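Written out below as structure tokens is the structure these notes cover.
Along the sequence shown, residues are numbered consecutively beginning with 1. Worth saying up front: this structure is predicted, and the values here are computed from it rather than measured.
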Amino acid sequence: MNVKQQGISGYWLKVIAVVSMLIDHTSAVILEQIPGLEAPAFFMRIIGRAAFPIYCFLLVEGFMHTRDREKYALRLGCFAAVSEIPFDLAFNGKVLEVGYQNVFFTLLLGLLTMMAYDVVMNQSRWSVWKRTALSTIAILAGMFAAEFLSTDYGALGVLCIMVFYLFRRSRIQQVVFGCLAFVWWEWAAVFAFVPIFYYNGKRGFGMKYFFYAFYPVHLLILYLICLLYTSDAADE
């Protein structure tokens, strides 16, 4: 089969990621709070592991094809800020909790790391050794920032984004090295590489802002459902 012609568009990759994420967060926010549902909750969390690798892959694709990388970074930053309160409510029950930040911050740091890496590698007057050293420092700085800010997936999240970017010229290499980057700490995430492999390079349907907005909106809805459940349980 010709992957480029018959594969999966970016739209359907986003749908797979959104559904996987919804299953994961429904388990984490609601089911894990209900006694006796530990087994289905665990199974749902496994399904949910497919979301983050797909988002990392799509971030790299977006970075390579966007006309304005600064605007792309600003958009991620805006949604990171907007998503923080729903994220904190859903996972901590607080309006604002600074100890752990939502995944948009991880994606933003991954994007900024790719930008810094590109700036260094495009300095053709520099020696190969200098570019290699400084690009490595750029990657480590991005990882450190994610860990320092305690973003979702932390340093490993930024590292996995960079793996997709470093091997962007070969889908096979992205899949192989992407699996290696994930399997030792998030083994269930390797299932995400099946749809990633069949990505055909086409955008598909639009609805870009729907997929951005889905993250904070679904977290807020899950929090309200959880709040309703706990209120009903307290009344019994």
Hydrophobic clustering (ILVMFWY, side-chain heavy atoms < 4.5 Å, transitive) - are [Y] and [X] grouped together?
X      : Y      : answer
Val82  : Leu76  : no
Ile221 : Tyr209 : yes
Trp12  : Val175 : yes
Leu159 : Trp185 : yes
Val19  : Ile30  : yes

Kindly assign one of parallel, tilted or perpendicular to the pair [X] and [Y], based on the angle between their ring planes and the thresholds 30° and 60°.
X      : Y      : answer
Phe167 : Phe177 : parallel
His25  : His218 : parallel
Phe91  : Phe87  : tilted

Using modelled atom types and a 3.5 Å cut-off, is there a donor and acceptor pairing between side-chain atoms of [X] and backbone atoms of [Y]?
X      : Y      : result
Arg45  : Phe42  : no
Gln123 : Asp118 : no
Ser27  : Ala41  : yes
Glu38  : Gly36  : yes
Thr132 : Val128 : yes
Ser20  : Ile16  : no
Glu186 : Val183 : no

Point-to-point distance, once rounded to the nearest 0.5 Å, from [atom1] of [X] to [atom2] of [Y]:
X      : Y      : atom1 : atom2 : value
Thr106 : Tyr153 : OG1   : OH    : 9.0 Å
Lys14  : Phe205 : NZ    : CZ    : 12.5 Å
Asp88  : Lys94  : CG    : NZ    : 9.0 Å
Phe105 : Asp152 : CZ    : CG    : 11.5 Å
Phe52  : Cys160 : CZ    : SG    : 6.5 Å
Cys56  : Gln174 : SG    : CD    : 11.5 Å

Consider side-chain contact (heavy atoms from CB on, under 4.5 Å). Of Leu107, Thr113, Leu108, which one does Val158 pass it with?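 Of all the options given, the one that passes is Thr113.
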Within a strict 4.5 Å, meaning less than it, do heavy atoms of the [X] and [Y] side chains meet?
X      : Y      : value
Leu227 : Tyr223 : yes
Leu228 : Ile225 : no
Phe191 : Arg49  : no
Leu59  : Phe63  : no
Tyr117 : Tyr165 : yes
Ile137 : Val120 : no
Arg75  : Lys208 : yes
Leu74  : Glu70  : no

Kindly give the heavy-atom pair with the smallest separation between [X] and [Y], and that separation in Å.
X      : Y      : result
Ala213 : Phe79  : N-CE2, 3.8 Å
Ala155 : Ala146 : N-CB, 3.9 Å
Glu97  : Glu84  : O-OE2, 3.9 Å
Cys226 : Val29  : SG-O, 3.5 Å
Pro86  : Leu220 : CB-N, 4.1 Å
Ala181 : Val163 : CB-CG2, 4.1 Å

Could you give me the CA-CA distance, side-chain angles and deciding distance for Leu156 and Trp184, then say whether side chain to side chain contact (heavy atoms under 4.5 Å, CB included) is met? CA-CA 11 Å; Leu156 290 174; Trp184 64 277; 3.6 Å; yes
Side chain to side chain contact (heavy atoms under 4.5 Å, CB included), that's the test. Do Ile196 and Ile54 meet it? Break it down for me. CA-CA 7 Å; Ile196 286 173; Ile54 295 176; 4.2 Å; yes
Evaluate the side chain to side chain contact (heavy atoms under 4.5 Å, CB included) criterion for residues Val60 and Ile161: first the C-alpha distance (whole Å), next the side-chain angles of each, then the deciding distance (0.1 Å), finally the verdict. CA-CA 7 Å; Val60 171; Ile161 291 169; 4.2 Å; yes
Per the ring pair (Phe, Tyr, Trp, His ring centres under 6.0 Å) rule, which among Tyr198, Phe164, Phe57, Tyr199 passes with Phe193?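 The option that passes is Phe164.
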I need the single residue from Tyr55, Tyr215, Phe214 that forms a ring pair (Phe, Tyr, Trp, His ring centres under 6.0 Å) with Phe104. Which is it?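 With Phe104 as partner, Tyr55, Tyr215, Phe214 yield a single ring pair (Phe, Tyr, Trp, His ring centres under 6.0 Å), made by Tyr215.
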More than 12 heavy atoms of other groups within 6.0 Å of Trp129 CH2: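 No, not enclosed.
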Test side chain to side chain contact (heavy atoms under 4.5 Å, CB included) applied to Glu61 and Leu13, step by step: CA-CA 12 Å; Glu61 286 291 308; Leu13 271 183; over 6 Å; no
